[in-house]
Amino acid sequence: MNLTTTTMKYFEPQYIEFFKDLEQNNNKEWFHNNKETYETYVKAPFEKFISDLIDEMNKCGEGLEINPKDCISRINRDIRFSKDKTPYNPHLTAFLSKEGRKNKTLPGFFIRITAKNIGMMVGAFSPDKDLLQKIRKKLMETNGQFEALIYEQKFVETFGEIKGEIQKRVPPELKVAMEKNFHISLKQFYFMTEIDPSHITSDKLMETVLGYYKTGKPVNDYLIKAIA
């Protein structure tokens, strides 16, 4: 029987076992000895999954002109300025947006698959100063439209409440607006959720992830229009 993209098994149990073992053996020697497992059961299927996810998101009108390598972060950790010197991340992640992982200031869809869960994020995690000003301007101009999206029942049940750091020093020109709308005081506009690892090896993984993406899409669309 031919499987559609949304009913296809991407990952075997070895994906989960690899990261469970990596957490106990996070060193270059162990990784080198298990690199074939990584390439076969972790890296290759994750790239296939992200490739198909890009295709599915484009069917929803995203217009992404990127490939998996543009989205997927390396398993190697950047330890230059970290007290934690373990060399590898205990997961794989991908950031899907117009420019992928190279520009995380843009709104997008983030996914992280670990041995313990699948994490997903929508929104703008780190907008730069110019994009932040545009988002705040949009919030003031649309007067409650953003709030209607993020307080919609299904969205709240899926992603919970907004995350983001609050700006402590309020620009004088925004004081009145911030008093009327708390969200204008935020420096980030993102939402996170996690689901059970049993989904990782399910043949309905894509269908499940797409459900979360579609629920978060109106919020992403709002933010993308704000920075256009």
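Everything quoted here is computed from the prediction, not taken from an experiment.
Around the CD atom of E157, the shell of radius 6.0 Å holds more than 12 heavy atoms that belong to other residues, nucleotides or ligands. Atom NZ of K116 is surrounded by 12 or fewer heavy atoms from other residues, nucleotides or ligands within 6.0 Å. When the shell of 6.0 Å around CD of E39 is examined, it contains more than 12 heavy atoms from other residues, nucleotides or ligands. By the 6.0 Å contact criterion, NZ on K217 is enclosed, its count of non-hydrogen atoms from other residues, nucleotides or ligands being greater than 12. In the displayed structure, E152 atom CD is contacted under 6.0 Å by more than 12 heavy atoms of other residues, nucleotides or ligands. Under a cut-off of 6.0 angstrom, the local environment of NZ in K85 is crowded, with over 12 non-hydrogen atoms contributed by other residues, nucleotides or ligands. For OH of Y41, the number of neighbouring non-hydrogen atoms (other residues, nucleotides, ligands) closer than 6.0 Å is 12 at most.
In this structure, CD on E161 lies 9.5 Å from CZ on F191, to the nearest 0.5 angstrom. Rounding to the nearest 0.5 Å places CD1 of I184 at 15.0 Å from NZ of K175. Atom-to-atom distance recorded for L106:CG and K104:NZ is 12.0 Å, nearest 0.5 angstrom. Annotation: the span from K154 atom NZ to F159 atom CZ amounts to 10.0 Å, rounded to 0.5 Å. Annotation: the span from Y10 atom OH to S51 atom OG amounts to 8.5 Å, rounded to 0.5 Å. Atom OG of S126 sits about 11.0 Å away from atom CG of L132, to the nearest 0.5 Å.
The nearest pair of heavy atoms linking L223 to G123 is CD1-CA, 3.7 Å. Nearest heavy atoms, P107 versus I227: CD-CD1, 3.5 Å. In terms of heavy atoms, C71 sits closest to L96 at SG-CG, 4.1 Å. Nearest heavy atoms, I50 versus P68: CG2-CA, 4.1 Å. In terms of heavy-atom proximity, C60 sits nearest to K214 at SG-CE, 3.7 Å. Pairing each heavy atom of S97 with each of G108, the nearest pair is CB-CA, 4.0 Å.
Counting heavy atoms from C-beta on, the side chains of I118 and P197 never come closer than 4.5 Å. Proximity of T40 to F18: side-chain heavy atoms (C-beta onward) are nowhere separated by under 4.5 Å. Looking only at side-chain heavy atoms (C-beta outward), D52 and M8 come within less than 4.5 Å of each other. The closest side-chain heavy-atom distance from T93 to I111 is not below 4.5 Å. Between L53 and L210, some side-chain heavy-atom pair lies under the 4.5 Å cut-off. Counting heavy atoms from C-beta outward, L186 and R136 have side chains that stay 4.5 Å or more apart. Residues I79 and P87 fail the side-chain proximity criterion, which asks for heavy atoms closer than 4.5 Å. Within the 4.5 Å cutoff, side-chain heavy atoms of E207 are placed close to those of K204.
For residues 73-102, the ring-ring contact (aromatic ring centres under 6.0 Å, His included) pairs, not counting sequence neighbours, are F31-Y88.
With salt bridges taken as basic N to acidic carboxylate O contacts below 4.0 Å, one links E194 and R112.
Cluster membership for M178 and V176, using ILVMFWY side-chain heavy atoms within less than 4.5 angstrom, is not shared. Both I72 and V42 belong to a common hydrophobic cluster when Ile, Leu, Val, Met, Phe, Trp and Tyr are linked at side-chain heavy-atom distances under 4.5 angstrom. Both I195 and V209 sit in one connected hydrophobic cluster of ILVMFWY residues. Membership requires side-chain heavy atoms under 4.5 Å apart, directly or through other members. M121 and I113 are not part of a single hydrophobic cluster, where members link through side-chain heavy atoms under 4.5 Å apart. V122 and M192 fall into different hydrophobic clusters, defined by Ile, Leu, Val, Met, Phe, Trp and Tyr side-chain heavy atoms under 4.5 Å apart, directly or through other members.
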Evaluate the criterion side chain to side chain donor-acceptor pair (under 3.5 Å) for residue pair D84 and T86; output intermediate values, then yes/no. CA-CA 6 Å; D84 179 2; T86 51; 2.7 Å; yes
With side-chain contact (heavy atoms from CB on, under 4.5 Å) as the criterion, how do V219 and F155 come out once you've worked through the C-alpha distance, each side chain's angles and the decisive distance to 0.1 Å? CA-CA 9 Å; V219 171; F155 185 87; 3.5 Å; yes
May I have the step-by-step check of salt bridge (Lys or Arg N to Asp or Glu O under 4.0 Å) for K134 and D130, ending in yes or no? CA-CA 6 Å; K134 288 182 178 181; D130 290 340; over 6 Å; no
Criterion side chain to side chain donor-acceptor pair (under 3.5 Å) on N220 and Y213, from CA distance to verdict: CA-CA 10 Å; N220 271 353; Y213 154 73; over 6 Å; no
Given M57 and L64, is the side-chain contact (heavy atoms from CB on, under 4.5 Å) satisfied, shown in steps? CA-CA 8 Å; M57 289 172 63; L64 301 177; 3.9 Å; yes
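In this structure, D70 contributes its side chain and I66 its backbone to no donor-acceptor pair below 3.5 Å. Put simply, the side chain of S185 gets close to the backbone of F182: a donor and an acceptor are under 3.5 Å apart. The main-chain N or O of T37 is never found under 3.5 Å from a side-chain atom of N34 such that the two would form a donor-acceptor pair. With hydrogens and angles disregarded, a donor-acceptor distance shorter than 3.5 Å links the side chain of D78 to the backbone of R80.
Judged by distance alone, the side chains of N103 and T105 do bring a donor and an acceptor atom under 3.5 Å apart. No hydrogens or angles considered: nothing links the side chains of Y38 and Q14 as a donor-acceptor pair under 3.5 Å.
Y15 is linked by a ring-ring contact (aromatic ring centres under 6.0 Å, His included) to F11, F19, counting only residues two or more places apart in sequence or in another chain. Listed by chain and residue number, E56 satisfy the salt bridge (charged side-chain N to carboxylate O under 4.0 Å, His left out) test with K59 (two or more places apart in sequence, or in another chain). Looking at residues two or more places apart in sequence or on another chain, you find a side-chain contact (heavy atoms from CB on, under 4.5 Å) between T201 and K9, P13, I16. For the salt bridge (charged side-chain N to carboxylate O under 4.0 Å, His left out) test, no residue two or more places apart in sequence or in another chain qualifies with D196.
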Please tabulate, for side-chain N and O atoms in residues 140-150, each donor-acceptor pair with protein atoms closer than 3.5 Å (sequence neighbours left out).
| unit_1 | atom_1 | unit_2 | atom_2 | d |
| --- | --- | --- | --- | --- |
| E141 | OE2 | K137 | NZ | 2.4 |
| T142 | OG1 | K138 | O | 2.7 |
| T142 | OG1 | Y222 | OH | 2.7 |
| E147 | OE2 | N181 | ND2 | 3.1 |
| E147 | OE2 | H183 | ND1 | 2.9 |

